Amino acid sequence: MSALAAEPGSPGETDWDELVRVREETDAPEGSKVEIIEGILTVSSPPSEEHNDTAELLHELLYGARPPGCDWGIYQTLGLSCPETGGLFMPDLCVVPRAALRRSTRVHAGEAELVVEVTSKSNANHDRIKKAHGYAVAGVPLYLLLDAWQSGRPTATLYGEPQSGTYRVLTSVEYGEELTLPAPFKLVLDTGIFPLN
C-alpha cells in the first residue's frame, strides 16, 4: 500500500476537490483500490482470491435479501464520498438506491443502506477503525465487517446505530456461525461459506 498526504488539518473544499482530482488521475495498477482515507490518498494492491470470493459470495446472497419493490443496486466498485472526514472509500460491497447514482457525480456514503468491507492483511486497520468512523459520520445505517484477520479467528461484525462518528456493535460472530441482517434486509448469513485465509 502506498499513500500521498494532503495538507495537514481538516480538508477544506478546495483541498478536497484537488485530492479527489489527484485520485481520479492516479494511474494505479489494474485491480488496485485508490481511496482517500482521512485526507490521505492510498493505493492498495489488488485483493486476494479469498477476498474476492468472499465479496462475490455475499454479493449473490444480498440480491435475495433486498426488500421487495426497492430499487437498490449492489455495487463492488462504487466510490462513496465522505468529505466530512476527508474520505472517499471503495467498499467491497455497498447497497445504494440507484437514484443516488443518477443524481450525483459522487455518491455520498450516507446514501448507502449497507456497506461491507472484507479485510485484507495489509490494511485491516483501515476497515476496522478509519473507514468505520467515516461510515458512521456519514450516517450509513449498517456496516458489515468481514474480518478474516481478526486475532487469528475470522469474525463477522455488524455495526449499526451510528452516533457522533461511532457505531454500536449489533452482533459479532466467528466464521461458521450465523449472522442476521436486520430489517429492511431479510438475510440469515451462514458465515461458514466464506473462505479462510
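Quick caveat, the model's predicted, so the values are computed rather than measured. Index from 1, following the sequence.
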Quick one: do [X] and [Y] end up in the same hydrophobic cluster if we chain Ile, Leu, Val, Met, Phe, Trp and Tyr together by side-chain heavy atoms under 4.5 Å apart?
X: V140; Y: V169; answer: yes
X: L78; Y: M90; answer: no
X: Y63; Y: L58; answer: yes

- [ ] Could you grab the distance from atom CG of L146 to atom CG of L93, nearest 0.5 Å is fine?
- [x] 8.5 Å

Task: Q150 side, atom CD; T155 side, atom OG1 - distance, nearest 0.5 Å - done: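 Nearest 0.5 Å value for the CD-OG1 distance: 5.0 Å.
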
TODO: Taking the six-membered ring for Trp and the single ring otherwise, decide whether the centroids of F185 and W72 are under 6.0 Å apart.
DONE: yes

Open item on the list: Just checking Y159 against Y135, ring centres under 6.0 Å apart?
Closed with: no

- [ ] Run the numbers on K130 and E35 for salt bridge (Lys or Arg N to Asp or Glu O under 4.0 Å), then give the verdict.
- [x] CA-CA 12 Å; K130 296 175 181 180; E35 299 177 290; over 6 Å; no

Task: Member of R98, R103, R106, R102 meeting the salt bridge (Lys or Arg N to Asp or Glu O under 4.0 Å) criterion with E111 - done: R103

Open item on the list: Looking at every heavy atom in both D53 and P195, which two are closest together, and how far apart are they?
Closed with: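 For D53 and P195, the tightest heavy-atom pair comes out as OD2-CG, 3.9 Å.
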
Open item on the list: Quick one, K33 with D92, criterion salt bridge (Lys or Arg N to Asp or Glu O under 4.0 Å). Give me CA distance, side-chain angles, the key distance, then yes/no.
Closed with: CA-CA 10 Å; K33 271 190 179 183; D92 292 299; 3.1 Å; yes

Open item on the list: Quick one, T157 and T171 - any side-chain contact, counting heavy atoms below 4.5 Å?
Closed with: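 In short, these two side chains do not touch, never coming nearer than 4.5 Å.
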
